[in-house]
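These numbers come from the heavy atoms of this one structure, side chains and all, not from hydrogens, waters or symmetry mates. Not measured: the values here are computed from a predicted model. Nothing fancy with the numbering, it's 1 onward along the sequence.
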Amino acid sequence: MSKSRSSQIITCKAAVIWACGEPLKVEEIQIEPPKSTEVRVRMLYASLCHTDVLRARRKGDPVAVFPRVLGHEGVGMVESFGNEVNGLEEGDYVIPTMLAECEACENCTSANTNLCLTYPLSRSGLMSDGTSRMSIKGQKLYHMFTCSTWSEYMVIDYNYVHKIDPSIPLPHASVLSCGFSTGFGAAWKEAQVKMGSTVAVLGLGAVGLGVTEGARMLGAAKIIGVDKNSMKKDKGLAFGMTDFINPDECSDKSISQMIKDLTGGMGVDYCFECVGAESLINQAIQATKEGKGKTIVIGGGINSVKIDYFPLLSGRTLKGSIFGGLKVKSDLPILMEKCKNKEFDLDELLTHEVTLQDIEKAFELLKQPDCVKVLIKI
């Protein structure tokens, strides 16, 4: 029995995608009550992440399950919860987290990874018991990771939610549930950027700007932003970027060479690939210092890539990252506190807003040169 008074199926609106490449359709769906370790959340805001775009538009997704309700960034209010849920009450504000932290497994007790073994990253589009909490006209709907935020209601295992301070602006909380936090964490937890170091950031979307802010707060002396969209220069400067490169404005040089030109020919200590472009991986590696350079790969969308061997043999490091290496219980509250204290300006990220009904417009807005993040008002 649920601790909550609500144990009924809810009919609500959600953005349903029926096949890869098809437009999203806002339709009425059914949301089941939460099971014992689950929470049902009334969504208030969501946002559009590059990973969602890949799931919606790109052929060859290794987990191409449809029909589906996408969205993994967002913020909402607890509507009901199961009898094994602890630490949450009705009306609490929460964000979904693609990862969990049991605090007891081999990985959670290690300082080297944020990937919990007890509650792993979900890729199946289903809950941990192999079933779904959503349906449409009797047909099963697949989730996105542990949640589906492009819906008026969603059900999520409570191990994958984080309670937030209600004083944090809700739109800011939405972007902290993945994009910006992923970038900030990559600089802080994965690279562990050192005071006085040099940094290059390939791609100045929400993730790249998160890296930029993280590197600034950690005391990097030079932060080079790289983006083909010159309108991103002002955004980068707002988050601490010191130098900007538009590769299209200097087509006779490689990106790695342009970065070396700004660092006395040495390259940077840390380079972050935030786009998910095969062509940028080797450029990112080659842009770092021989013998000690670190390249952190954050951008999604690459199935395989051919790596140039010699730059790695020369002492450089290539590392992948999920959620910026952030541990949900240990690290995310620190970012939330910084947000509450207005230590970074997340309004700079929120350039556009649409309603759930007009969610298809969000995909077009992302193509606009002045767009960083699209907020979806549920």
Side-chain angles (χ1 to χ4, degrees), residues 6-35 38-57 61 63-81 93-98 122-127 131-158 160-161 170-171 173-175 177-178 352-366 373-378:
S6 177
S7 59
Q8 304 300 312
I9 292 175
I10 289 177
T11 296
C12 68
K13 293 187 182 300
V16 179
I17 183 167
W18 289 88
C20 186
E22 288 192 4
L24 279 72
K25 297 179 180 178
V26 178
E27 305 188 57
E28 285 194 345
I29 70 169
Q30 284 67 51
I31 306 289
E32 295 178 7
K35 292 190 176 181
E38 297 171 354
V39 181
R40 188 159 61 184
V41 179
R42 180 168 69 89
M43 296 305 301
L44 301 170
Y45 289 95
S47 36
L48 181 58
C49 177
H50 181 59
T51 305
D52 298 306
V53 177
L54 292 175
R55 296 291 184 268
R57 298 291 191 254
D61 182 349
V63 193
V65 288
F66 298 96
R68 197 173 195 176
V69 177
L70 295 172
H72 65 285
E73 294 183 339
V75 59
M77 182 181 292
V78 173
E79 179 267 343
S80 57
F81 51 94
Y93 289 105
V94 295
I95 61 171
T97 57
M98 68 176 74
S122 173
R123 296 181 175 90
S124 67
L126 298 171
M127 304 297 282
T131 63
S132 171
R133 301 294 168 268
M134 304 180 298
S135 61
I136 180 168
K137 299 175 183 177
Q139 183 174 357
K140 175 174 64 180
L141 285 166
Y142 288 91
H143 299 251
M144 176 68 174
F145 295 131
T146 56
C147 60
S148 289
T149 60
W150 297 354
S151 174
E152 291 178 331
Y153 287 85
M154 70 164 187
V155 173
I156 180 171
D157 188 287
Y158 89 104
Y160 297 88
V161 296
L170 297 183
S174 181
V175 298
S177 62
C178 179
H352 295 77
E353 181 177 321
V354 299
T355 63
L356 180 64
Q357 195 68 40
D358 293 326
I359 193 169
E360 265 295 310
K361 292 181 180 178
F363 289 84
E364 295 305 314
L365 288 170
L366 276 183
K373 201 72 172 175
V374 181
L375 187 70
I376 302 164
K377 189 174 182 179
I378 307 294

Chemist: Evaluate the side-chain contact (heavy atoms from CB on, under 4.5 Å) criterion for residues Lys35 and Thr131: first the C-alpha distance (whole Å), next the side-chain angles of each, then the deciding distance (0.1 Å), finally the verdict.
Modeler: CA-CA 11 Å; Lys35 292 190 176 181; Thr131 63; 4.1 Å; yes
Chemist: Looking only at heavy atoms, what is the nearest atom pair of Ser151 and Ile378, with distance?
Modeler: O-CG2, 3.8 Å
Chemist: Can you confirm whether Met98 sits close enough to Thr51 that some side-chain heavy atom of one is under 4.5 Å from a side-chain heavy atom of the other?
Modeler: no
Chemist: Can you tell me which residue pairs pass the side chain to side chain donor-acceptor pair (under 3.5 Å) test with a partner in residues 13-25, sequence neighbours excluded?
Modeler: Trp18-Glu27
Chemist: Does the side chain of Phe363 come within less than 4.5 Å of Leu48's, by heavy atoms?
Modeler: yes
Chemist: Please report the C-alpha distance between Glu32 and Val155 in whole Å, then the side-chain angles of each, then the deciding distance to 0.1 Å, and finally whether the side-chain contact (heavy atoms from CB on, under 4.5 Å) criterion is met.
Modeler: CA-CA 8 Å; Glu32 295 178 7; Val155 173; 5.7 Å; no
Chemist: Tell me every residue that passes salt bridge (charged side-chain N to carboxylate O under 4.0 Å, His left out) with Glu364, counting only those two or more places apart in sequence or in another chain.
Modeler: Lys367
Chemist: With heavy-atom distances below 4.5 Å as the criterion, would you say the side chains of Ile29 and Cys12 are in contact?
Modeler: yes
Chemist: Return the minimal non-hydrogen interatomic distance between Asp157 and Met127, and the atom names on each side.
Modeler: N-CE, 3.7 Å
Chemist: Grab the two heavy atoms, one from Leu366 and one from Val374, that are nearest each other, plus how far apart they are.
Modeler: CD2-CG2, 4.1 Å
Chemist: Looking only at non-hydrogen atoms, find the nearest pair between Pro96 and Gly74 and report the distance.
Modeler: CD-O, 3.1 Å
Chemist: How far does CD1 of Ile376 sit from CG of Leu356, to the nearest 0.5 angstrom?
Modeler: 7.5 Å
Chemist: Which atoms form the tightest heavy-atom contact between Glu28 and Thr11, and what is the distance?
Modeler: OE1-CG2, 3.8 Å
Chemist: Which value, rounded to the nearest 0.5 Å, describes the distance between Met43 atom CE and Met77 atom CE?
Modeler: 11.5 Å
Chemist: Is there side-chain contact between Ile10 and Glu152, with heavy atoms separated by less than 4.5 Å?
Modeler: no
Chemist: Please confirm whether the backbone N or O of Tyr160 pairs with a side-chain atom of Thr97, one donor and one acceptor, at under 3.5 Å?
Modeler: yes
Chemist: Using 0.5 Å steps for rounding, measure from the CD atom of Glu38 to the CD1 atom of Ile156.
Modeler: 9.5 Å
Chemist: Using 4.0 Å as the upper bound for N to carboxylate O, is an ion pair formed by Arg57 and Glu360?
Modeler: yes
Chemist: Quick check for you: to the nearest 0.5 Å, what is the distance between Arg42 atom CZ and Ser80 atom OG?
Modeler: 12.0 Å
Chemist: Is there a donor-acceptor pair closer than 3.5 Å between any side-chain N or O of Asp358 and the backbone N or O of Thr355?
Modeler: no
Chemist: Please lay out, stage by stage, how Ser132 and His143 fare under the test side-chain contact (heavy atoms from CB on, under 4.5 Å).
Modeler: CA-CA 7 Å; Ser132 171; His143 299 251; 3.4 Å; yes
Chemist: Looking at side-chain heavy atoms only, is the closest gap between Val41 and Tyr153 below 4.5 Å?
Modeler: no
Chemist: Out of curiosity, Met144 CE to His72 NE2, how far, rounded to the nearest 0.5 Å?
Modeler: 5.5 Å
Chemist: With Lys373, which of Glu353, Glu73, His352 fulfils side chain to side chain donor-acceptor pair (under 3.5 Å)?
Modeler: Glu73
Chemist: If you take all heavy atoms of Ser174 and Ser177, which pair is closest and at what distance?
Modeler: O-OG, 2.5 Å
Chemist: My understanding is that only residues two or more places apart in sequence, or in another chain, count here; which of them pass side chain to side chain contact (heavy atoms under 4.5 Å, CB included) with Ser122?
Modeler: Ser124, Thr146
Chemist: For the residue pair Val94 and Val39, establish whether any side-chain heavy-atom pair is separated by less than 4.5 Å.
Modeler: no
Chemist: Is any side-chain heavy atom of Leu375 closer than 4.5 Å to one of Lys377?
Modeler: no
Chemist: Quick one: CH2 on Trp150 to CG on Asp52, what's the gap to the nearest 0.5 Å?
Modeler: 4.0 Å
Chemist: Just by modelled atom types, is the Ile31 backbone N or O under 3.5 Å from a matching donor or acceptor in the Arg40 side chain?
Modeler: yes
